[in-house]
Amino acid sequence: MNKEDLLNRLLLLEREINRRTKSAQRLLKYNKGSKKHKKQIAFHKCKKRNRWVFGGNRSGKTECGAVEAIWLARGNHPYKKNRKNVFGWVVSLSQQVQRDVAQSKILSYLPKEWIEDITMLSGRKDSPESGVVDQIKIKNVFGGISTIGFKSCDQGREKFQGSSLDFVWFDEEPPKDVYEECLMRVMDKQGEIFGTMTPLKGQTFIYSEIYLNRRQSPEIWYEFMTWEDNPYLNKKEIKLLERALSESSLDSRKYGKFSEGAGLVYPEFDESVHVIEPFEIPADWQYAISIDPGLNNPLAAHWYAVDWDGNIFVVAEHYAAGKDVDFHACAIKQISRKIGWKTDGKGRLYALIDSAANQKTLASSKSVAELFRERDILVNTEVDKDVFAGICRVKSYLKQDNGEPNLYLFNTCKHMISEFKGYAWAGGDTPVKKDDHCMDELRYLICTRPKTKNSQPLSSPVKADKLRRIRRMKKYRKGG
(Lines give C-alpha, C1' and ligand atoms only; values in the text may rest on other atoms or scores of the structure.)
Protein backbone atom coordinates (compact mmCIF):
# COMPACT_ATOMS: atom_id res chain seq x y z
CA MET A 1 0.00 0.00 0.00
CA ASN A 2 1.48 3.34 -1.01
CA LYS A 3 1.50 6.45 1.14
CA GLU A 4 -1.42 8.11 -0.70
CA ASP A 5 -3.69 5.06 -0.26
CA LEU A 6 -2.80 4.87 3.43
CA LEU A 7 -3.64 8.55 3.94
CA ASN A 8 -6.97 8.11 2.15
CA ARG A 9 -7.86 5.15 4.36
CA LEU A 10 -6.92 7.05 7.49
CA LEU A 11 -9.08 9.95 6.33
CA LEU A 12 -12.06 7.66 5.77
CA LEU A 13 -11.51 6.06 9.19
CA GLU A 14 -11.43 9.47 10.86
CA ARG A 15 -14.67 10.49 9.14
CA GLU A 16 -16.38 7.30 10.27
CA ILE A 17 -15.26 7.80 13.88
CA ASN A 18 -16.54 11.38 13.80
CA ARG A 19 -19.86 10.23 12.36
CA ARG A 20 -20.32 7.59 15.04
CA THR A 21 -19.43 9.87 17.95
CA LYS A 22 -21.31 12.98 16.81
CA SER A 23 -24.69 11.87 18.24
CA ALA A 24 -23.17 10.76 21.56
CA GLN A 25 -21.35 14.08 21.85
CA ARG A 26 -24.57 15.95 21.14
CA LEU A 27 -26.37 14.05 23.91
CA LEU A 28 -23.50 14.72 26.32
CA LYS A 29 -23.55 18.42 25.41
CA TYR A 30 -27.31 18.53 26.01
CA ASN A 31 -26.85 17.26 29.58
CA LYS A 32 -23.48 18.73 30.55
CA GLY A 33 -22.86 21.59 28.13
CA SER A 34 -21.81 25.06 29.21
CA LYS A 35 -25.25 26.48 28.37
CA LYS A 36 -28.14 25.28 30.54
CA HIS A 37 -31.78 25.30 29.47
CA LYS A 38 -33.26 25.46 32.98
CA LYS A 39 -36.78 24.52 31.96
CA GLN A 40 -35.57 21.46 30.04
CA ILE A 41 -33.77 20.30 33.19
CA ALA A 42 -36.93 20.90 35.26
CA PHE A 43 -38.89 18.73 32.82
CA HIS A 44 -36.40 15.86 33.06
CA LYS A 45 -36.18 16.04 36.87
CA CYS A 46 -39.95 16.03 37.39
CA LYS A 47 -41.24 12.69 38.79
CA LYS A 48 -44.88 13.25 37.77
CA ARG A 49 -46.31 10.65 35.38
CA ASN A 50 -48.18 13.09 33.09
CA ARG A 51 -45.87 15.94 32.10
CA TRP A 52 -46.34 18.53 29.36
CA VAL A 53 -44.30 21.34 27.86
CA PHE A 54 -46.29 24.12 26.19
CA GLY A 55 -43.64 25.86 24.16
CA GLY A 56 -43.28 28.34 21.38
CA ASN A 57 -41.52 27.37 18.18
CA ARG A 58 -37.75 27.13 18.70
CA SER A 59 -38.16 27.12 22.49
CA GLY A 60 -36.43 23.73 22.87
CA LYS A 61 -39.54 21.70 23.66
CA THR A 62 -39.03 18.94 21.07
CA GLU A 63 -35.48 18.38 22.29
CA CYS A 64 -36.98 17.54 25.72
CA GLY A 65 -39.15 14.77 24.34
CA ALA A 66 -36.45 13.21 22.17
CA VAL A 67 -33.80 13.14 24.90
CA GLU A 68 -36.28 11.86 27.51
CA ALA A 69 -37.28 8.98 25.24
CA ILE A 70 -33.66 8.01 24.59
CA TRP A 71 -32.65 8.21 28.26
CA LEU A 72 -35.59 5.99 29.25
CA ALA A 73 -34.85 3.48 26.48
CA ARG A 74 -31.12 3.36 27.22
CA GLY A 75 -31.68 2.97 30.95
CA ASN A 76 -29.30 5.80 31.85
CA HIS A 77 -31.70 8.60 32.79
CA PRO A 78 -29.70 10.95 35.06
CA TYR A 79 -32.66 11.85 37.27
CA LYS A 80 -34.82 8.71 37.49
CA LYS A 81 -34.79 5.03 38.41
CA ASN A 82 -33.86 3.07 35.30
CA ARG A 83 -34.97 -0.26 33.87
CA LYS A 84 -33.99 -2.57 31.04
CA ASN A 85 -36.26 -3.78 28.23
CA VAL A 86 -38.21 -0.52 28.13
CA PHE A 87 -41.02 -0.20 25.57
CA GLY A 88 -42.34 3.21 24.57
CA TRP A 89 -44.14 5.02 21.78
CA VAL A 90 -43.45 8.32 20.02
CA VAL A 91 -46.75 9.70 18.71
CA SER A 92 -46.84 12.32 15.92
CA LEU A 93 -49.70 13.93 14.03
CA SER A 94 -48.85 12.12 10.77
CA GLN A 95 -46.10 9.96 9.29
CA GLN A 96 -44.69 12.94 7.37
CA VAL A 97 -44.48 15.00 10.58
CA GLN A 98 -42.98 11.99 12.36
CA ARG A 99 -40.21 11.72 9.77
CA ASP A 100 -39.41 15.42 9.71
CA VAL A 101 -39.64 16.20 13.43
CA ALA A 102 -39.75 13.57 16.21
CA GLN A 103 -38.03 10.77 14.28
CA SER A 104 -35.35 13.18 13.06
CA LYS A 105 -34.68 14.39 16.62
CA ILE A 106 -34.46 10.84 18.00
CA LEU A 107 -31.97 9.78 15.31
CA SER A 108 -29.86 12.91 15.78
CA TYR A 109 -29.22 11.97 19.43
CA LEU A 110 -28.87 8.21 18.86
CA PRO A 111 -25.41 6.89 17.88
CA LYS A 112 -25.59 3.96 15.48
CA GLU A 113 -23.65 1.68 17.84
CA TRP A 114 -26.54 1.95 20.32
CA ILE A 115 -29.01 0.66 17.72
CA GLU A 116 -29.68 -3.09 17.68
CA ASP A 117 -32.12 -3.01 14.76
CA ILE A 118 -34.54 -0.76 12.87
CA THR A 119 -37.86 -1.73 11.27
CA MET A 120 -39.07 0.56 8.51
CA LEU A 121 -42.58 1.34 7.28
CA SER A 122 -41.06 2.90 4.16
CA GLY A 123 -37.53 3.52 2.98
CA ARG A 124 -34.37 1.63 3.87
CA LYS A 125 -33.02 0.83 7.32
CA ASP A 126 -29.49 1.83 6.31
CA SER A 127 -30.73 5.44 5.86
CA PRO A 128 -33.71 5.67 8.27
CA GLU A 129 -33.73 9.48 8.25
CA SER A 130 -35.02 9.40 4.65
CA GLY A 131 -37.91 7.02 5.32
CA VAL A 132 -40.57 6.35 7.94
CA VAL A 133 -39.48 4.25 10.93
CA ASP A 134 -41.78 1.70 12.58
CA GLN A 135 -39.54 0.64 15.49
CA ILE A 136 -35.99 1.16 16.76
CA LYS A 137 -34.44 -1.54 18.95
CA ILE A 138 -31.95 0.11 21.34
CA LYS A 139 -29.24 -1.51 23.44
CA ASN A 140 -30.02 -0.89 27.11
CA VAL A 141 -27.08 -0.28 29.47
CA PHE A 142 -28.34 -3.09 31.75
CA GLY A 143 -27.93 -5.60 28.94
CA GLY A 144 -31.49 -5.76 27.65
CA ILE A 145 -33.06 -4.44 24.44
CA SER A 146 -35.50 -1.53 24.59
CA THR A 147 -37.96 -0.54 21.88
CA ILE A 148 -39.10 2.86 20.68
CA GLY A 149 -42.13 2.51 18.41
CA PHE A 150 -43.51 5.29 16.22
CA LYS A 151 -47.22 5.99 15.81
CA SER A 152 -49.22 8.66 14.00
CA CYS A 153 -52.56 10.07 15.09
CA ASP A 154 -54.01 9.82 11.58
CA GLN A 155 -53.94 6.00 11.95
CA GLY A 156 -56.94 6.26 14.28
CA ARG A 157 -57.52 5.09 17.86
CA GLU A 158 -57.76 1.38 16.98
CA LYS A 159 -54.08 1.27 16.03
CA PHE A 160 -53.18 2.27 19.61
CA GLN A 161 -54.83 -0.72 21.30
CA GLY A 162 -53.27 -3.79 22.90
CA SER A 163 -49.76 -2.81 23.97
CA SER A 164 -48.47 -2.34 27.51
CA LEU A 165 -46.05 0.57 27.60
CA ASP A 166 -43.46 2.22 29.83
CA PHE A 167 -43.90 5.64 28.22
CA VAL A 168 -45.66 7.61 25.50
CA TRP A 169 -44.26 10.86 24.07
CA PHE A 170 -46.80 13.02 22.23
CA ASP A 171 -45.03 15.32 19.78
CA GLU A 172 -47.78 17.94 19.46
CA GLU A 173 -51.36 17.69 20.64
CA PRO A 174 -53.15 14.39 19.84
CA PRO A 175 -56.87 13.80 19.35
CA LYS A 176 -58.68 13.11 22.61
CA ASP A 177 -59.50 9.47 21.81
CA VAL A 178 -55.83 8.71 21.00
CA TYR A 179 -54.71 10.41 24.22
CA GLU A 180 -57.19 8.41 26.31
CA GLU A 181 -56.20 5.14 24.64
CA CYS A 182 -52.54 5.82 25.42
CA LEU A 183 -53.40 6.44 29.07
CA MET A 184 -54.69 2.85 29.12
CA ARG A 185 -51.46 1.59 27.53
CA VAL A 186 -49.23 2.85 30.38
CA MET A 187 -51.52 1.71 33.20
CA ASP A 188 -50.18 -1.87 33.61
CA LYS A 189 -46.55 -0.78 34.00
CA GLN A 190 -47.32 2.44 35.86
CA GLY A 191 -45.66 4.17 32.95
CA GLU A 192 -45.63 7.82 32.05
CA ILE A 193 -47.09 10.21 29.49
CA PHE A 194 -45.20 13.29 28.35
CA GLY A 195 -46.10 15.78 25.66
CA THR A 196 -44.38 18.68 23.91
CA MET A 197 -46.59 21.02 21.92
CA THR A 198 -47.33 24.50 20.64
CA PRO A 199 -50.97 25.11 21.63
CA LEU A 200 -52.48 26.44 18.41
CA LYS A 201 -55.92 24.81 18.48
CA GLY A 202 -57.49 26.98 21.15
CA GLN A 203 -59.05 25.70 24.37
CA THR A 204 -59.12 22.01 23.56
CA PHE A 205 -59.28 19.04 25.96
CA ILE A 206 -55.56 19.50 26.72
CA TYR A 207 -56.35 23.00 27.97
CA SER A 208 -58.97 21.51 30.28
CA GLU A 209 -57.29 18.23 31.27
CA ILE A 210 -53.70 19.43 31.67
CA TYR A 211 -53.50 23.23 31.91
CA LEU A 212 -56.63 23.66 34.10
CA ASN A 213 -56.33 20.12 35.56
CA ARG A 214 -60.06 20.02 36.17
CA ARG A 215 -59.83 16.49 37.62
CA GLN A 216 -57.18 17.66 40.13
CA SER A 217 -54.83 14.81 39.26
CA PRO A 218 -51.70 14.84 41.46
CA GLU A 219 -49.66 13.35 38.57
CA ILE A 220 -50.12 16.27 36.13
CA TRP A 221 -47.32 18.78 35.62
CA TYR A 222 -46.78 21.40 32.93
CA GLU A 223 -44.35 24.16 32.01
CA PHE A 224 -44.35 27.00 29.48
CA MET A 225 -41.24 27.55 27.38
CA THR A 226 -40.56 30.75 25.45
CA TRP A 227 -37.89 31.85 23.01
CA GLU A 228 -36.09 33.67 25.82
CA ASP A 229 -35.79 30.39 27.76
CA ASN A 230 -33.69 28.82 25.00
CA PRO A 231 -30.02 29.77 25.57
CA TYR A 232 -29.09 28.62 22.06
CA LEU A 233 -31.49 31.01 20.30
CA ASN A 234 -29.75 34.32 19.71
CA LYS A 235 -31.42 37.71 19.96
CA LYS A 236 -31.15 38.41 16.22
CA GLU A 237 -33.02 35.18 15.47
CA ILE A 238 -35.72 36.16 17.98
CA LYS A 239 -36.17 39.54 16.29
CA LEU A 240 -36.42 37.86 12.89
CA LEU A 241 -39.13 35.52 14.17
CA GLU A 242 -41.00 38.38 15.83
CA ARG A 243 -41.06 40.35 12.57
CA ALA A 244 -42.27 37.31 10.66
CA LEU A 245 -45.36 36.66 12.81
CA SER A 246 -48.54 38.61 13.39
CA GLU A 247 -49.43 39.79 16.87
CA SER A 248 -52.17 37.16 17.10
CA SER A 249 -49.62 34.40 16.47
CA LEU A 250 -47.00 35.56 18.96
CA ASP A 251 -48.84 34.34 22.07
CA SER A 252 -48.69 30.72 20.94
CA ARG A 253 -45.58 30.67 18.78
CA LYS A 254 -43.36 32.75 21.07
CA TYR A 255 -44.77 32.15 24.53
CA GLY A 256 -46.46 28.75 24.09
CA LYS A 257 -49.80 30.14 25.26
CA PHE A 258 -53.14 28.75 24.14
CA SER A 259 -54.46 30.60 21.08
CA GLU A 260 -57.70 30.84 19.19
CA GLY A 261 -56.60 28.75 16.22
CA ALA A 262 -54.06 28.15 13.49
CA GLY A 263 -55.05 30.00 10.33
CA LEU A 264 -53.13 30.65 7.13
CA VAL A 265 -49.37 30.28 7.04
CA TYR A 266 -48.98 33.30 4.73
CA PRO A 267 -51.67 35.87 5.51
CA GLU A 268 -49.20 38.41 4.05
CA PHE A 269 -49.79 37.04 0.54
CA ASP A 270 -51.86 39.45 -1.53
CA GLU A 271 -52.66 38.39 -5.07
CA SER A 272 -53.08 42.01 -6.14
CA VAL A 273 -49.55 42.79 -4.91
CA HIS A 274 -47.46 39.67 -5.42
CA VAL A 275 -48.90 38.35 -8.71
CA ILE A 276 -47.80 40.27 -11.83
CA GLU A 277 -47.94 39.99 -15.61
CA PRO A 278 -44.94 38.20 -17.18
CA PHE A 279 -42.17 40.27 -18.73
CA GLU A 280 -38.89 39.37 -20.39
CA ILE A 281 -36.29 38.47 -17.77
CA PRO A 282 -32.70 39.66 -18.41
CA ALA A 283 -30.28 36.75 -18.76
CA ASP A 284 -28.22 37.79 -15.76
CA TRP A 285 -31.30 37.71 -13.52
CA GLN A 286 -31.64 33.94 -14.01
CA TYR A 287 -30.96 32.31 -10.66
CA ALA A 288 -32.12 28.68 -10.21
CA ILE A 289 -34.70 25.98 -10.80
CA SER A 290 -36.16 24.39 -7.66
CA ILE A 291 -37.91 21.01 -7.60
CA ASP A 292 -40.08 19.16 -5.10
CA PRO A 293 -40.03 15.58 -6.44
CA GLY A 294 -43.02 13.31 -6.85
CA LEU A 295 -43.97 10.34 -8.99
CA ASN A 296 -47.47 9.32 -7.92
CA ASN A 297 -47.69 12.58 -5.98
CA PRO A 298 -47.27 15.84 -7.91
CA LEU A 299 -43.83 17.09 -8.87
CA ALA A 300 -43.50 20.86 -8.65
CA ALA A 301 -40.74 22.83 -10.35
CA HIS A 302 -40.33 26.59 -10.69
CA TRP A 303 -37.83 28.89 -12.35
CA TYR A 304 -36.57 31.77 -10.22
CA ALA A 305 -34.95 35.04 -11.24
CA VAL A 306 -33.29 37.56 -8.92
CA ASP A 307 -32.77 41.18 -9.93
CA TRP A 308 -29.93 43.49 -8.91
CA ASP A 309 -31.82 44.62 -5.80
CA GLY A 310 -32.40 41.07 -4.53
CA ASN A 311 -36.07 40.82 -5.52
CA ILE A 312 -37.17 37.30 -6.47
CA PHE A 313 -39.42 36.58 -9.46
CA VAL A 314 -41.10 33.20 -9.99
CA VAL A 315 -41.20 33.15 -13.78
CA ALA A 316 -42.28 29.66 -14.91
CA GLU A 317 -43.93 26.54 -13.56
CA HIS A 318 -44.06 22.78 -14.19
CA TYR A 319 -46.53 20.75 -12.13
CA ALA A 320 -47.72 17.20 -12.84
CA ALA A 321 -48.65 14.01 -10.97
CA GLY A 322 -48.45 10.32 -11.86
CA LYS A 323 -45.54 10.79 -14.28
CA ASP A 324 -42.03 9.29 -14.37
CA VAL A 325 -38.66 11.04 -14.37
CA ASP A 326 -38.42 10.89 -18.17
CA PHE A 327 -41.61 12.90 -18.49
CA HIS A 328 -40.59 15.50 -15.92
CA ALA A 329 -37.06 15.88 -17.28
CA CYS A 330 -38.43 16.39 -20.79
CA ALA A 331 -40.94 18.98 -19.58
CA ILE A 332 -38.31 20.89 -17.57
CA LYS A 333 -35.99 21.02 -20.59
CA GLN A 334 -38.80 22.14 -22.87
CA ILE A 335 -39.83 25.01 -20.57
CA SER A 336 -36.17 26.01 -20.14
CA ARG A 337 -35.70 26.23 -23.92
CA LYS A 338 -38.90 28.22 -24.30
CA ILE A 339 -37.83 30.90 -21.81
CA GLY A 340 -34.14 30.82 -22.81
CA TRP A 341 -32.88 29.46 -19.49
CA LYS A 342 -29.12 29.15 -19.12
CA THR A 343 -27.25 25.82 -19.24
CA ASP A 344 -23.64 24.88 -18.50
CA GLY A 345 -22.57 24.98 -22.15
CA LYS A 346 -23.19 21.25 -22.61
CA GLY A 347 -26.94 21.59 -22.51
CA ARG A 348 -27.16 20.61 -18.84
CA LEU A 349 -29.42 22.41 -16.37
CA TYR A 350 -28.82 23.04 -12.68
CA ALA A 351 -31.57 22.68 -10.06
CA LEU A 352 -32.23 22.36 -6.34
CA ILE A 353 -34.22 19.33 -5.19
CA ASP A 354 -35.54 17.86 -1.93
CA SER A 355 -32.93 15.62 -0.27
CA ALA A 356 -35.55 12.84 -0.23
CA ALA A 357 -34.64 12.43 -3.91
CA ASN A 358 -31.47 10.65 -2.71
CA GLN A 359 -33.54 7.73 -1.46
CA LYS A 360 -33.63 4.62 -3.64
CA THR A 361 -37.05 3.09 -4.10
CA LEU A 362 -37.94 -0.60 -4.22
CA ALA A 363 -38.87 -0.15 -7.89
CA SER A 364 -35.46 1.15 -8.97
CA SER A 365 -31.81 0.59 -8.17
CA LYS A 366 -31.20 4.32 -8.68
CA SER A 367 -32.44 7.33 -6.75
CA VAL A 368 -34.60 10.05 -8.29
CA ALA A 369 -31.63 12.40 -8.05
CA GLU A 370 -29.44 10.00 -10.03
CA LEU A 371 -32.14 9.58 -12.68
CA PHE A 372 -32.40 13.35 -13.15
CA ARG A 373 -28.63 13.70 -13.43
CA GLU A 374 -28.53 11.00 -16.10
CA ARG A 375 -30.99 13.16 -18.05
CA ASP A 376 -28.72 16.25 -17.87
CA ILE A 377 -30.54 17.95 -15.00
CA LEU A 378 -27.81 18.32 -12.38
CA VAL A 379 -29.75 18.42 -9.12
CA ASN A 380 -28.31 19.59 -5.82
CA THR A 381 -29.91 17.77 -2.86
CA GLU A 382 -28.19 19.82 -0.13
CA VAL A 383 -31.19 21.99 0.65
CA ASP A 384 -32.29 23.51 3.96
CA LYS A 385 -35.44 21.64 5.06
CA ASP A 386 -36.08 23.52 8.30
CA VAL A 387 -39.78 24.20 7.75
CA PHE A 388 -40.42 26.89 10.35
CA ALA A 389 -37.23 28.87 9.67
CA GLY A 390 -37.94 28.61 5.93
CA ILE A 391 -41.47 29.91 6.41
CA CYS A 392 -40.10 32.89 8.34
CA ARG A 393 -37.73 33.63 5.47
CA VAL A 394 -40.56 33.48 2.92
CA LYS A 395 -42.63 35.82 5.09
CA SER A 396 -39.77 38.34 5.12
CA TYR A 397 -39.80 38.31 1.30
CA LEU A 398 -43.58 38.71 1.10
CA LYS A 399 -43.46 41.86 3.20
CA GLN A 400 -40.55 43.90 4.49
CA ASP A 401 -40.77 46.29 7.42
CA ASN A 402 -41.25 49.13 4.91
CA GLY A 403 -44.30 47.38 3.46
CA GLU A 404 -42.70 46.54 0.10
CA PRO A 405 -42.42 42.90 -1.08
CA ASN A 406 -39.27 41.17 -2.32
CA LEU A 407 -41.18 38.32 -3.99
CA TYR A 408 -43.30 38.41 -7.15
CA LEU A 409 -45.02 35.59 -9.07
CA PHE A 410 -45.84 35.61 -12.76
CA ASN A 411 -49.55 34.98 -13.14
CA THR A 412 -48.78 31.87 -15.20
CA CYS A 413 -47.65 30.06 -12.01
CA LYS A 414 -51.20 28.96 -11.19
CA HIS A 415 -50.38 26.12 -8.78
CA MET A 416 -48.06 28.20 -6.62
CA ILE A 417 -50.62 31.00 -6.43
CA SER A 418 -53.27 28.50 -5.38
CA GLU A 419 -51.04 26.98 -2.70
CA PHE A 420 -50.18 30.40 -1.25
CA LYS A 421 -53.88 31.14 -0.83
CA GLY A 422 -54.71 27.84 0.91
CA TYR A 423 -51.54 26.96 2.86
CA ALA A 424 -52.61 26.55 6.52
CA TRP A 425 -51.10 25.48 9.83
CA ALA A 426 -51.84 21.94 11.00
CA GLY A 427 -50.63 22.61 14.53
CA GLY A 428 -47.21 22.80 16.12
CA ASP A 429 -44.36 23.82 13.86
CA THR A 430 -45.79 22.31 10.71
CA PRO A 431 -48.40 23.26 8.10
CA VAL A 432 -51.02 20.87 6.75
CA LYS A 433 -49.26 18.26 4.61
CA LYS A 434 -51.54 18.71 1.61
CA ASP A 435 -51.13 20.69 -1.61
CA ASP A 436 -47.77 22.00 -0.41
CA HIS A 437 -45.30 20.91 -3.12
CA CYS A 438 -44.78 24.42 -4.48
CA MET A 439 -44.43 25.81 -0.97
CA ASP A 440 -41.72 23.27 -0.17
CA GLU A 441 -39.49 24.01 -3.13
CA LEU A 442 -40.06 27.76 -2.71
CA ARG A 443 -38.56 27.46 0.79
CA TYR A 444 -35.55 25.54 -0.57
CA LEU A 445 -34.89 28.40 -2.97
CA ILE A 446 -35.50 31.24 -0.51
CA CYS A 447 -33.12 29.67 2.02
CA THR A 448 -30.24 29.89 -0.49
CA ARG A 449 -30.55 33.67 -0.51
CA PRO A 450 -28.96 36.16 1.92
CA LYS A 451 -31.30 37.50 4.57
CA THR A 452 -33.13 40.58 3.37
CA LYS A 453 -32.27 44.01 4.72
CA ASN A 454 -35.65 45.38 5.64
CA SER A 455 -36.79 48.97 5.28
CA GLN A 456 -34.45 49.73 2.38
CA PRO A 457 -35.07 52.88 0.34
CA LEU A 458 -35.32 52.63 -3.40
CA SER A 459 -31.66 51.90 -3.96
CA SER A 460 -31.34 52.50 -7.68
CA PRO A 461 -33.05 53.96 -10.75
CA VAL A 462 -33.42 50.38 -12.02
CA LYS A 463 -35.53 49.41 -9.02
CA ALA A 464 -37.63 52.56 -9.25
CA ASP A 465 -38.26 51.94 -12.94
CA LYS A 466 -39.14 48.30 -12.27
CA LEU A 467 -41.68 49.25 -9.60
CA ARG A 468 -43.27 51.80 -11.94
CA ARG A 469 -43.52 49.10 -14.63
CA ILE A 470 -45.16 46.69 -12.16
CA ARG A 471 -47.70 49.34 -11.16
CA ARG A 472 -48.50 50.03 -14.82
CA MET A 473 -49.03 46.29 -15.44
CA LYS A 474 -51.39 46.07 -12.44
CA LYS A 475 -53.33 49.09 -13.73
CA TYR A 476 -53.52 47.61 -17.22
CA ARG A 477 -54.74 44.27 -15.85
CA LYS A 478 -57.53 46.05 -13.93
CA GLY A 479 -58.58 47.87 -17.11
CA GLY A 480 -57.24 51.29 -16.06
Side-chain angles (χ1 to χ4, degrees), residues 43 50-70 72-73 87-110 118-123 128-136 138 147-161 163 165-183 185-186 191-201 204-206 210 252-253 256 262 265 356 385-388 391 424-434 436 440:
F43 166 81
N50 197 339
R51 294 169 291 136
W52 289 77
V53 173
F54 305 127
N57 306 105
R58 296 295 184 277
S59 62
K61 65 184 187 304
T62 309
E63 308 283 336
C64 288
V67 171
E68 184 77 358
I70 291 174
L72 292 172
F87 185 20
W89 280 347
V90 175
V91 180
S92 300
L93 299 179
S94 67
Q95 288 184 353
Q96 290 86 353
V97 174
Q98 169 196 317
R99 180 195 64 198
D100 295 340
V101 185
Q103 174 184 306
S104 176
K105 288 290 185 185
I106 291 281
L107 292 172
S108 72
Y109 281 107
L110 195 59
I118 296 182
T119 305
M120 304 294 294
L121 289 174
S122 67
E129 63 280 352
S130 300
V132 178
V133 176
D134 181 28
Q135 288 188 345
I136 303 178
I138 297 173
T147 302
I148 295 180
F150 292 84
K151 296 282 187 179
S152 61
C153 295
D154 56 6
Q155 293 175 303
R157 182 188 63 82
E158 291 78 9
K159 295 295 183 181
F160 290 80
Q161 295 176 338
S163 296
L165 303 171
D166 294 288
F167 72 85
V168 175
W169 168 31
F170 290 109
D171 175 40
E172 298 303 342
E173 181 177 357
K176 185 177 182 181
D177 59 347
V178 171
Y179 169 78
E180 291 177 342
E181 190 65 43
C182 288
L183 286 177
R185 299 306 108 220
V186 299
E192 57 185 283
I193 297 280
F194 49 96
T196 56
M197 59 175 280
T198 301
L200 296 174
K201 299 179 182 178
T204 63
F205 79 96
I206 290 291
I210 306 301
S252 57
R253 296 190 176 279
V265 174
K385 295 183 68 173
D386 188 322
V387 176
F388 188 73
I391 286 172
W425 293 107
D429 295 356
T430 56
V432 175
K433 285 301 294 179
K434 181 181 179 182
D436 61 351
D440 285 348

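We number each residue from 1, following the sequence as shown.
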Q: Rounded to the nearest 0.5 Å, what's the gap from OG1 on T196 to CD on E68? Could you check?
A: 11.0 Å
Q | All side-chain contact (heavy atoms from CB on, under 4.5 Å) counterparts of D100, not counting sequence neighbours | A | none
Q. So which heavy atom on A69 is nearest to which on I148, and how close?
A. O-CD1, 4.0 Å
Name every donor-acceptor pair, under 3.5 Å, that has one atom in a side chain of residues 149-158 and the other anywhere in the protein, sequence neighbours excluded.
residue, atom, partner, partner atom, Å
K151, NZ, K159, O, 3.0
S152, OG, D154, OD1, 2.6
Q155, OE1, S152, N, 3.1
R157, NH1, E181, OE1, 3.0

Q: Drop me the distance from I210's CD1 to I193's CD1, to the nearest 0.5 angstrom.
A: 9.0 Å
Q.
Whether the side chain of D166 engages the backbone of F87 through a donor-acceptor N/O pair (distance < 3.5 Å, no angle test) should be reported.
A. yes
Q: Looking only at non-hydrogen atoms, find the nearest pair between Q98 and V133 and report the distance.
A: NE2-O, 2.9 Å
Q.
With a 3.5 Å distance limit and no angle check, can you tell me whether Q103 reaches the backbone of G131 through a side-chain donor-acceptor pair?
A. yes
**Q.** Reported CG-to-CD1 distance for the pair L107 and I136, which is rounded to 0.5 angstrom
**A.** 5.0 Å
Q | Donor-acceptor under 3.5 Å (E192 side chain, R51 main chain) | A | no
Q) Which atom names give the shortest non-hydrogen contact between F205 and P174, and what distance separates them? A) CE2-O, 3.2 Å
Q: Specify the closest pair of heavy atoms between A66 and W169, including all atoms of both residues, with the distance to one decimal.
A: N-CH2, 3.5 Å
Q) Does a side-chain heavy-atom distance below 4.5 Å link P128 with M120? A) yes
Q.
To the closest 0.5 Å, what do you measure between OG (S104) and NZ (K385)?
A. 9.0 Å
**Q.** Considering all heavy atoms, the nearest F160-W89 contact
**A.** O-CH2, 3.4 Å
(Q) I'd like to know if the side chain of R185 reaches the main chain of S163, judged simply by a donor and an acceptor atom lying under 3.5 Å from each other, with no hydrogens or angles considered. (A) yes
Q) Taking the inter-plane angle between the rings of W425 and F388 on a 0 to 90° scale, is it parallel (under 30°), tilted (30 to 60°) or perpendicular (over 60°)? A) tilted
Q) Quick one: which of T147, I118, L121 gives a side-chain contact (heavy atoms from CB on, under 4.5 Å) with Q135? A) T147
Q | L110 CG to I70 CD1 distance, which is reported to the nearest 0.5 Å | A | 5.0 Å
Q: Could you walk me through whether L183 and N50 pass side chain to side chain contact (heavy atoms under 4.5 Å, CB included), step by step?
A: CA-CA 9 Å; L183 286 177; N50 197 339; 4.2 Å; yes
Q: Could you give me the CA-CA distance, side-chain angles and deciding distance for E63 and V53, then say whether side chain to side chain contact (heavy atoms under 4.5 Å, CB included) is met?
A: CA-CA 11 Å; E63 308 283 336; V53 173; over 6 Å; no
Q. Which word best sums up how the rings of Y179 and F170 line up, parallel for under 30°, tilted for 30 to 60°, or perpendicular for over 60°?
A. tilted
Q.
How close do K61 and E172 get, counting heavy atoms only, and between which atoms?
A. CE-OE2, 3.6 Å
